[in-house]
Amino acid sequence: MKVTQAYRYALDPTPGQAAALASHCGAARFAFNWGLALVKAALSQREAEESYGVPGEHLTQAPWSLYSLRRAWNAAKDRLAPWWADNSKEAYNSGLDNLARALKNWDSSRKGTRKGRAMGFPRFRSKHRAASSCRFTTGAIRVEADRHHVTLPRLGTIRTAESTRKLARHLQRGTGRILSATVRFEGGRWFVAFTCEIDHADRVPARPDAVVGVDLGVKDLAVLSTGEVIASPKHHRAALRRLRRLNKQLDRRIGPRSPDGARRQPSARWAKTRAALGKAHARVANQRRDGLHKLTSRLAATWGTVVVEDLNVSGMLANRRLARAVADVGMAEARRQLTYKTTWSGGRLIVADRWFPSSKTCSGCGAVKAKLALSERTYACIECGLVADRDHNAALNLAALAADVAQSRGETLNARGGAVRPGVRAGRAPAKREPRKRGTLRRKPEAA
Ligand SMILES: [Zn+2]
């Protein structure tokens with residue numbers, strides 16, 4: 001099975017290499033902003049011409065595609081940026097490519113041909129706000145044989161903080177090919193991500209006929225229907241505490257806005273705390289991601305069928321509590337990882353409908369409670385007397401859903417990434433479902 005897969009490594013550049021990396025990302029941003037200004041000028045020129053009644057074929061054309069943007073850049077670069085030769089031409093191309101994509105996204109979103117959230121018109125990128133990144137698609141892109149260095153165009157050979165073994169093996173065997181490399185500055189470190197085409201050997205889960213229900217949580221990473229509790233990564237709590245402390249510290253220091261809202265010069269100490277906060281955020285995200293990858297890899301490699309709940313991510317992200325927000329992102333990420341990992345491992349993923357009352361249903365007799373407060377950590381059934389941990393009960397219900405899917409709808413519900421609406425279970429009281437209201441994005445708390 002051929003798949004596109006990314007391999008990401010932290011870099012350990014020399015000070016000179018770090019400066020060159022920053023220069024390339026700055027060059028990409030420069031080209032992006034220059035192109036955006038050009039497009040904006042052309043658009044307002046066109047608008048003025050239209051108001052004078054200039055016929056359609058004589059109107060100014062905005063350089064919209066990557067091709068036309070690149071041509072305009074090549075014509076202007078000697079005058080505009082006499083230093084352009086300091087960086088690889090891929091850096092400028094990377095910025096213009098991002099711009100062309102952003103323009104296209106905005107255009108198709110406006111015309112209604114693009115799915116998802118409405119996309120705004122691209123904005124200028126600030127050195128202070130936008131993440132620094134630059135993509136290389138051609139030239140010398142290599143993983144060195146010592147498995148501790150990578151080579152990128154113009155930047156040369158840079159040491160990696162960790163071994164590139166997994167990718168190097170694919171490349172040596174001929175089962176992998178690098179399509180592009182992206183360098184990025186994140187949380188105070190440089191990273192390189194290789195987008196690769198990998199030819200995976202066909203795999204089968206260790207227990208192809210077994211089913212597991214997974215209740216993704218806030219306190220613990222997940223609870224399985226087998227009763228196993230997967231705790232959050234070890235140092236996660238300490239990292240969250242540090243995050244809270246730094247947030248308070250940042251608030252005390254002199255930031256870019258005074259209490260009355262006017263702009264002012266931020267203090268050096270504020271900038272220092274902000275950098276530390278960025279680092280702490282990256283650390284929390286890394287710990288969480290590491291834990292999630294380990295969990296989802298294990299689930300996909302072991303179980304033939306994995307059942308998870310659908311989550312209303314955009315609604316949940318509105319939640320302002322920090323730990324909660326971090327967890328919500330994790331849940332969406334877990335589902336994304338499970339979607340591709342189960343496909344790769346030859347298993348299947350079933351996603352329960354958003355209104356499936358996994359927490360409120362009794363896993364013993366199928367009775368459904370009308371109400372279950374989030375604070376009730378134990379499920380006690382009044383019908384059959386079952387007492388179980390809330391999350392374990394939910395995981396058992398999810399696992400039972402797989403049997404329903406197999407019985408009532410057969411193969412068509414082998415929903416890789418799709419939502420499954422469960423039917424009424426045989427011999428059980430019909431489940432009371434939440435009414436489906438249009439326009440309400442917020443998830444009902446009792447199903448959390
Ligand atoms: Zn019961």
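Reckoned from all heavy atoms, side chains included, excluding hydrogens, waters and symmetry mates. Remember, it's 1-based here, ligands and their atoms both numbered in the order they're listed.
Below the 2.8 Å limit, the Zn ion (ligand 1) has as protein N, O or S neighbours C362 SG, C365 SG, C381 SG, C384 SG.
Here R147 does not pair with E162 in a salt bridge; the nearest charged N to carboxylate O distance is not below 4.0 Å. Look at K104 and D107 and you find no salt bridge, because none of the NZ, NE, NH1 or NH2 atoms lies under 4.0 Å from a carboxylate O.
Contacts of V212 classified as side-chain contact (heavy atoms from CB on, under 4.5 Å), with partners at least two apart in sequence or in another chain: V214, L224, S225, L299, W303, V306. Under the side-chain contact (heavy atoms from CB on, under 4.5 Å) criterion, D12 pairs with R159, sequence neighbours left out.
Residues in residues 252-262 take part in no salt bridge (Lys or Arg N to Asp or Glu O under 4.0 Å) pair, two or more places apart or across chains.
For the pair R125 and F32, the cation-pi criterion (under 6.0 Å, within 45° of the ring axis) is fulfilled.
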